[in-house]
Amino acid sequence: MSVKILSVDDSKMVRTLVVRAFRSFDCVVLEASNGQEGLAVATKEKPDAIVLDITMPVMDGITMLTKLKSDPVLRPIPVFMLTAESGRESLLKVAKIGVRDYLVKPFKEELLVEKVGRAIDLKPKRA
Amino acid sequence: MNIAMPNDPIQSQPLNETQIKELAVAATANVFHTMLSMEVKPSDEPAAAAVSGARVVASLGFAGENVSGGIYIEFGEAFARAMAVLALRLEPNAEVTASDVNDVVGELCNMIGGTISSRLTDLGFRSRPTVPFITRGTNFEIELAGGVLPRRFVFACQQNRFVVGLCMRTMK
């Protein structure tokens with residue numbers, strides 16, 4: 001069964017990058033453009049990992065992350081935060097809520113795969 | 001959980017013009033290289049002549065206790081469309097919507113602004129960037145209140161040119 005990765009970002013460019021990053025693996029990348037959509041998709045699909053932007057309209061990433069961590073069913077899903085800021089204060093804030101790791105934009109696809117691959121089992125796509 | 005944290009910022013020193021230029025050039029080159037696999041280089045061409053006709057500009061501000069400013073990135077419409085096709089991995093002659101172009105240009109500005117803001121924080125000038133906004137048109141100028149012009153840096157990407165504008169005020 002393919003793993004499911006949920007990409008939550010208001011930028012289509014970033015979501016495109018996430019889809020491309022995992023194209024060689026046996027996985028399905030689901031997309032959402034804000035935290036509210038992201039929560040709805042996560043509740044329905046129970047992804048194996050979530051790649052989550054911080055700054056988004058409607059519901060930001062911090063709020064979505066807080067709601068994920070307060071839901072006993074969704075809490076175990078590893079979350080990888082995307083941020084355009086690498087400042088210590090921003091990162092401490094998300095670390096306290098509970099993320100598996102973070103990536104600072106801009107980032108290479110290979111780095112995203114490496115970090116997510118440490119948390120979930122990524123298998124190459126069968127030929 | 002084992003997340004590597006950056007070190008506390010060093011004591012702030014005012015930035016000189018060379019440092020400001022290096023900040024803008026490094027951030028811009030890194031974003032284009034990482035996200036679009038595009039090599040961009042600073043150009044000595046005058047900013048006023050670098051981009052003409054229909055333009056797309058993404059801007060954001062940043063502010064903190066001892067620094068405030070803004071950054072913008074200005075493209076010609078045609079180059080902005082070409083970048084959107086590349087960034088969204090579309091077929092070379094695919095049509096892109098204005099919304100798609102805004103998304104790509106806005107996100108590039110977000111990343112460049114975020115990189116600069118983070119670097120300023122490392123140098124002791126803590127700041128947070130705003131979300132970017134987009135301006136389109138053919139005949140407009142970008143200035144600070146009071147008629148102050150931002151520092152403008154022209155970049156070349158093969159035959160294309162674009163401008164990154166940076167205005168910043170630091171207080172020790």
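Sequence lines set the chain letters: A, B, ... in the order given, protein chains first and strands last, and positions in each chain run from 1. Note that the structure is a prediction, hence the values are computed from the model and not measured.
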Identify which one of B:L36, B:N30, B:I112 satisfies the side-chain contact (heavy atoms from CB on, under 4.5 Å) criterion when paired with A:P106.
->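 Passing option: B:N30.
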
Within 6.0 angstrom of [X] [atom1], more than 12 heavy atoms from elsewhere:
X      : atom1 : answer
A:K67  : NZ    : no
A:K46  : NZ    : yes
A:Q36  : CD    : no
A:E110 : CD    : yes

For the atom pair NZ (A:K12) and CG (B:D100), what is the distance rounded to the nearest 0.5 Å?
->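 So the gap between those two atoms works out to 3.5 Å.
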
Which distance, rounded to the nearest 0.5 Å, do you find between the OG1 of A:T16 and the CG of B:D103?
->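 Answer rounded to 0.5 Å: 8.0 Å.
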
If you take all heavy atoms of B:S118 and A:A84, which pair is closest and at what distance?
->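 So the two residues come closest at OG-O, 3.9 Å.
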
Common cluster, [X]/[Y], ILVMFWY with side-chain heavy-atom separation under 4.5 Å:
X      : Y      : result
B:F140 : B:F133 : no
A:L111 : A:I5   : yes
A:I50  : A:V58  : no

A:V19 versus chain B, the contacting section by heavy-atom distance below 4.5 Å |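 Contact with chain B: none, neither part.
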
With only heavy atoms counted, which part of A:T55 is less than 4.5 Å from chain B, the side chain, the backbone, both or neither?
->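 Side chain only.
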
Select, from A:E109, A:K105, A:R15, the one with the greatest count of heavy-atom pairs under 4.5 Å involving chain B.
->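 When all of A:E109, A:K105, A:R15 are compared, A:K105 has the most.
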
Interface moiety of B:V131 toward chain A, non-hydrogen atoms closer than 4.5 Å |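 Contact with chain A involves the side chain of B:V131 alone.
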
Pick one of side chain, backbone, both or neither for B:S99, based on which atoms fall under 4.5 Å of a heavy atom in chain A.
->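 For B:S99, no heavy atom lies under 4.5 Å from chain A.
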
Between B:M35, B:R89, B:M111, which shows the greatest number of heavy-atom pairs under 4.5 Å with chain A?
->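 Looking at each of B:M35, B:R89, B:M111 in turn, B:R89 comes out on top.
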
